Amino acid sequence: MTKPNEMTIVEAARALRARELTVRELWNACAETAHAKNPELNAYLEIFDADESAIDTAQKRINAGDESLLCGIPLAIKDNILIEGKIASAASKMLENYKATYDATVIKKLKDAGALFLGRTNMDEFAMGSSTEHSAFGPTKNPHDTSRVPGGSSGGSAVAVVANLCIAALGSDTGGSVRQPAAHTGIVGLKPTYGAVSRSGLIAMGSSLDQIGPLAKSVEDTRILYETIRGIDPLDSTTIPENLYGVLAPPKRLRVGVPRHLFTEGVDKDVLATFNTTLEKLAGAGHTLVDVELPMSSHALAAYYVIMPAEVSTNLARLDGIRYGLGVRGDTLLEDYIQSRTEGFGEETRRRILLGTFVLSSGYIDAYYKKADAARAVLRQEYTDAFKKADVIAFPTTPSPAFKFGEKSDPLTMYLEDIFTVTANLTGMPAISIPMGFVEREGKKLPVGIHFTAPHQSENSLFAVGEAV
Ligand code: GLN
């Protein structure tokens with residue numbers, strides 16, 4: 001029999017109802033593995049003590065025939081999502097001791113569903129990064145090869161899932177942070193349509209880009225989590241009603257758009273070969289491959305690295321050493337600010353605050369920020385047009401498999417990792433990464449992912465193509 005902590009949500013929910021497993025046993029299996037493996041992997045920044053009353057209530061609900069599939073399921077939560085009474089540090093010295101005073105809306109919804117929280121997971125500081133090397137509390141390791149990164153910024157959540165230190169997890173995705181670590185660890189990761197999931201209680205990075213998304217062992221588990229956490233929320237005015245975009249059910253035979261002109265350079269040849277094989281299999285299963293042109297896509301990364309830091313600089317301005325978070329006292333108010341922010345923020349965070357402040361400053365806002373914002377509108381139109389021919393558009397999730405620690409020390413090389421993921425955040429469209437196989441490096445098998453984007457609120461098309469893969 002599969003060990004309890006190795007189960008999917010669906011398998012665990014079935015075993016709990018068949019009385020083959022108790023909530024307590026499931027919790028213990030996850031917690032014991034988490035405690036045993038975390039010293040090496042550093043997936044969790046904190047593993048929580050068992051909440052006896054929550055475990056008890058979940059068991060009672062199951063005994064009474066409650067149908068919520070998440071009831072009694074231990075989940076891992078990225079350290080930038082607030083759980084009342086728990087620290088939420090966003091892996092930063094700045095918020096090292098910050099205790100959340102309320103539940104994020106997604107947490108409230110999961111609690112209502114009876115889910116349990118196993119711990120808070122490591123990440124790049126304030127979700128800025130593609131490797132989880134920018135955490136103030138040390139990097140997370142990829143269990144497929146511990147000399148390599150798990151991807152980021154939700155690397156801790158991805159590793160907690162793939163190493164069976166929980167059943168499933170939540171991450172946040174501003175430019176790929178759910179999908180990219182999902183690809184590098186071999187699991188499923190979804191970035192929902194912008195506004196589908198409430199951002200209330202998510203520590204903001206780029207407010208017009210951020211979405212909370214599930215990381216899970218299967219497409220079905222991803223769907224279950226997504227269905228539970230989504231919905232309009234009075235606490236987040238950017239959340240959208242159920243069917244704002246008039247979505248239809250996905251067709252049986254999907255039209256898969258492939259922008260081949262974007263893969264002519266910069267994509268690892270083994271990744272590209274796996275991608276092509278996956279597409280051929282989809283075609284073999286009756287789906288249609290269609291060529292699509294997305295000429296503006298080559299500017300997406302540049303637009304992202306203007307818009308995102310602009311929003312970062314604004315969002316992190318509140319961490320001034322006075323109101324909350326780390327406060328280091330100098331002789332003057334200015335010194336208070338400078339010392340708190342210098343000690344509180346890591347190098348990458350400071351770099352982005354500087355960049356963001358620059359692109360928003362008078363004299364440069366037109367040249368940079370407004371131009372990037374205009375590019376964003378064009379990109380959205382380009383995708384909308386492409387979706388007249390295709391139900392989903394396919395990319396490799398990342399240009400290469402998981403890299404080694406320290407390999408991408410130049411920030412620009414690291415930023416290139418996001419080339420295929422940022423567009424979905426800029427356009428607000430949903431996107432998913434699905435494991436598509438392995439490539440071999442130094443005798444180790446490294447997972448790689450295929451990425452699909454769909455029109456706004458067409459998550460069902462992503463689940464359909466995900467199941468097909
Ligand atoms: N890797 C991207 C960045 O560093 C995306 C981060 C994210 O999605 N939170 O900005």
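Positions are given from 1, in the same order as the sequence printed here. All of these numbers come straight from a predicted model, not from anything done at the bench. Reckoned from all heavy atoms, side chains included, excluding hydrogens, waters and symmetry mates. First listed ligand is number 1; within each ligand, the first listed atom is number 1.
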- Task: Name all residues meeting the side-chain contact (heavy atoms from CB on, under 4.5 Å) criterion together with K111; count only those two or more places apart in sequence or in a different chain, and write none if there are none.
- Result: I83, D103, I107, F117
- Query: Has the side chain of E125 got a donor or acceptor atom that lies under 3.5 Å from a matching backbone atom of G346?
  - Reply: yes
- Message: Between R223 and E459, does any NZ, NE, NH1 or NH2 come within less than 4.0 Å of an OD or OE carboxylate oxygen?
- Response: no
- Measure the distance from atom 7 (C) of ligand 1 to every protein heavy atom, then report the residue, atom name and distance (to 0.1 Å) of the closest one. S177 OG, 2.4 Å
- Exam field: side chain K191 to backbone M429, donor-acceptor pair closer than 3.5 Å: yes
- Which residue and heavy atom of the protein sit nearest atom 5 (C) of ligand 1, plus the separation: Y304 OH, 3.4 Å
- Please could you name the atoms of ligand 1 that S153 approaches to less than 4.0 Å, counting only its heavy atoms? 9 (N)
- Please indicate whether any nitrogen or oxygen in S172 is less than 3.5 Å from any nitrogen or oxygen in ligand 1. no
- Item | Validation row, ring centre Y304 to ring centre Y415 under 6.0 Å | no
- Note on the structure: The closest protein heavy-atom partner of atom 2 (C) of ligand 1 is D418 OD2, 3.0 Å
- Considering only heavy atoms from C-beta outward, does the side chain of P435 approach that of P447 to under 4.5 Å? no
- Should the pair K370-D373 be classified as a salt bridge under the 4.0 Å nitrogen-to-oxygen rule? no
- Query: Which is closest to atom 4 (O) of ligand 1 by heavy-atom distance: M308, R352, E348?
  - Reply: R352
- Task: Below 4.0 angstrom from a heavy atom of Y305, which ligand 1 atoms are there? Numbered from 1 as shown, please.
- Result: 2 (C), 3 (C), 4 (O), 10 (O)
- For atom 8 (O) of ligand 1, state which one of G151, S130, G175 supplies the nearest heavy atom. G175
- Test: D233 and K108 ion pair at under 4.0 Å: no
- Any N/O pair G152/ligand 1 closer than 3.5 Å: no
- Query: Can you find an N/O atom of M205 closer than 3.5 Å to an N/O atom of ligand 1?
  - Reply: no
- Test of proximity, G129 against ligand 1: N or O pairs below 3.5 Å: yes
- Note on the structure: Note: ligand 1 atoms sitting under 4.0 Å from heavy atoms of D173 are 8 (O)
- Query: Looking at residues at least two apart in the chain, or sitting in another chain, which of them share a side-chain hydrogen bond (donor to acceptor under 3.5 Å, both in side chains) with E347?
  - Reply: R351
- Using a strict 4.0 Å cut-off to heavy atoms of A127, name the atoms of ligand 1 that fall inside it. 6 (C), 7 (C), 9 (N)
